[in-house]
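Residue numbers count from 1 along this sequence.
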Amino acid sequence: MTLAPMTPLAAMPSPSTAVWQLGPVPIRAYALCIILGIVVACVVTEYRLRRRGVAPGAVLDIAVWAVPAGIIGARIYHVITSPEKYFGAGGEPIKALYIWEGGLGIWGAVAGGAVGAWLAARQLGIPFAVVADALAPGLPLAQAVGRLGNWFNNELYGGRTTLPWGLEVHVMDPDNPGHALRDDAGNPVLQPGLYHPAFLYEALWNIGVAALVLFLDRKLRLGRGRAFALYVMGYTAGRFWIELMRTDEANLILGVRLNVWTAALVFLGALAYFIRVRGPREYLVPVGEPAPAAGPAGDVSQVDLSAREAAARPVAPEGYRVVSEEQFDAYRETGVLPPADAERPEAATGADDATDDADGAARASTDPAAEGDDAAGRADADGDDTEPERADAERTNAGRADSGGRPADRDS
């Protein structure tokens, strides 16, 4: 009896080319995947920001800051965690700037992007926690798309396997980056055997994390940055075991890959935040919302149509104010902004405002001269008796003199 050889019945191929020349310009598959991932994240985040009350187009203003800061952070993390490639024996420090040769760390990308998004959110008047929660499902989807770039580069694979989805890996040509080494017959050379497609495992895991965040965010109505913390926990949990499968070179701490330690520590930090932070989901209404432009007057032939189209475009407000979900729903239905001193989701501030409003209402209800008086006189009453024969002019002047301290007119 002869045993059948342990030959896999199927395999996953890898591209033999990851760079194409468009004249003098190299088009890199890895860069295209990153750009596509950024677009996916922006689309998802824009949709979620609008549902929280943010004006259309805000995600582009945020991306202008977050994307460059994320790329810089990703490169800094890579250089710091792999310094021997640039500053060790035989290293070339100038190549630390050669970002097109690869080397981006997701941990630095998230940290740098968070700094950029925070700066943009401050300029737009949007609470950073709202931006983070809106980004939470879009970011893992962007990472899943970006991992396809590793497939083109024939990198980020695990150990040998005989599974049907085992990955064929090409030997890349060091003298022709982005292309597989070829034999004398012109065929691309393959590494012996098949390998675990670690990049694919991480991409599928990230899609699952995005689905988990969307499901729990809808079910639990997460706020205060907790949806983003949930994403961090989900991603780092998967990165922990996937990192253990990888066979590419990496710096070790106590015999364990550096990114394994990073994943564990970041997971614990996100878990602590998710457990400790509480609060309702934040919704936003505009502050200083521009009034609609008046229609053109005069001869119709003199109307500037381009100006009319420009005036019809939505204009971002000066800033935003946090309100409760009930207040936001009422605003969306009626178009009437809730009072500035109305109760807000933040517990401490809301309690103070509610106390002030209750005191003002109690004083107004005890004024015996409230009926028939103007609004200033009603708000001015402190519960003291008034003489019926007091002249209307005197009561009006007293109300005007004291109107500066009325709770109803307080600007907050």
Would you say [X] has more than 12 foreign heavy atoms packed within less than 6.0 Å of its [atom1]?
X	atom1	value
Leu22	CG	no
Gln21	CD	yes
Phe87	CZ	yes
Arg51	CZ	no

If you look at every heavy atom in [X] and [Y], which pair is closest and at what distance?
X	Y	result
Ala117	Ala66	N-CB, 3.9 Å
Val131	Ala121	CG2-CB, 4.1 Å
Thr161	Tyr195	CG2-C, 3.6 Å
Cys42	Val59	O-CG2, 3.7 Å
Pro127	Val322	CG-CG2, 3.8 Å
Ala210	Pro137	CB-O, 3.5 Å

What's the spacing between [X] [atom1] and [Y] [atom2] if we round to 0.5 Å?
X	Y	atom1	atom2	answer
Glu243	Leu156	CD	CG	8.5 Å
Leu141	Ile207	CG	CD1	7.0 Å
His78	Thr81	NE2	OG1	7.0 Å
Leu222	Glu282	CG	CD	10.5 Å
Glu202	Ile106	CD	CD1	8.0 Å
Lys95	Tyr86	NZ	OH	9.0 Å

Verdict with reasoning, Ile71 to Arg75, per side chain to side chain contact (heavy atoms under 4.5 Å, CB included) = CA-CA 6 Å; Ile71 294 174; Arg75 187 61 174 178; 5.7 Å; no
* Asked: Can you tell me if Asn154 and His170 form a side-chain donor-acceptor pair at under 3.5 Å?
  -> yes
[X] side-chain N/O to [Y] backbone N/O, donor-acceptor pair under 3.5 Å:
X	Y	value
Arg226	Val277	yes
Arg52	Arg281	no
Glu46	Pro56	no
Arg278	Phe274	yes
Tyr320	Ala55	yes
Ser82	Val79	no
Trp107	Thr262	no
Arg28	Gly178	no
Trp151	Pro13	yes

Residue pair Tyr98, Glu92: steps toward the side chain to side chain contact (heavy atoms under 4.5 Å, CB included) verdict | CA-CA 10 Å; Tyr98 292 2; Glu92 299 181 53; over 6 Å; no
* After noting the C-alpha distance and the side-chain angles of Met12 and Leu167, does the key distance pass the side chain to side chain contact (heavy atoms under 4.5 Å, CB included) rule? -> CA-CA 5 Å; Met12 179 186 302; Leu167 180 69; 3.8 Å; yes
Would a 4.5 Å heavy-atom cut-off, applied to side chains only, mark [X] and [Y] as touching?
X	Y	result
Met172	Pro177	no
Val213	Tyr235	no
Arg48	Leu214	yes
Val209	Gln143	no
Ile27	Val25	yes
Ser14	Leu190	no
Phe228	Tyr273	no
Phe240	Val260	yes

side-chain contact (heavy atoms from CB on, under 4.5 Å) with Arg239: of Leu244, Val266, Asn206, Asn259, only one passes, and it is Asn259
Sorted by chain and number, sequence neighbours left out, side-chain hydrogen bond (donor to acceptor under 3.5 Å, both in side chains) with Asp133 holds for none
Sorted by chain and residue number, the side-chain hydrogen bond (donor to acceptor under 3.5 Å, both in side chains) partners of Asp183 (sequence neighbours excluded) come out as none
Discussion item. Once you measure the plane-to-plane angle for Phe152 and Trp20, does it fall in the parallel (<30°), tilted (30-60°) or perpendicular (>60°) bin?
Written reply: perpendicular
Which is it for Glu155 and Asp248 under the side chain to side chain contact (heavy atoms under 4.5 Å, CB included) test, yes or no, and what are the steps along the way?
CA-CA 8 Å; Glu155 60 188 5; Asp248 52 309; over 6 Å; no
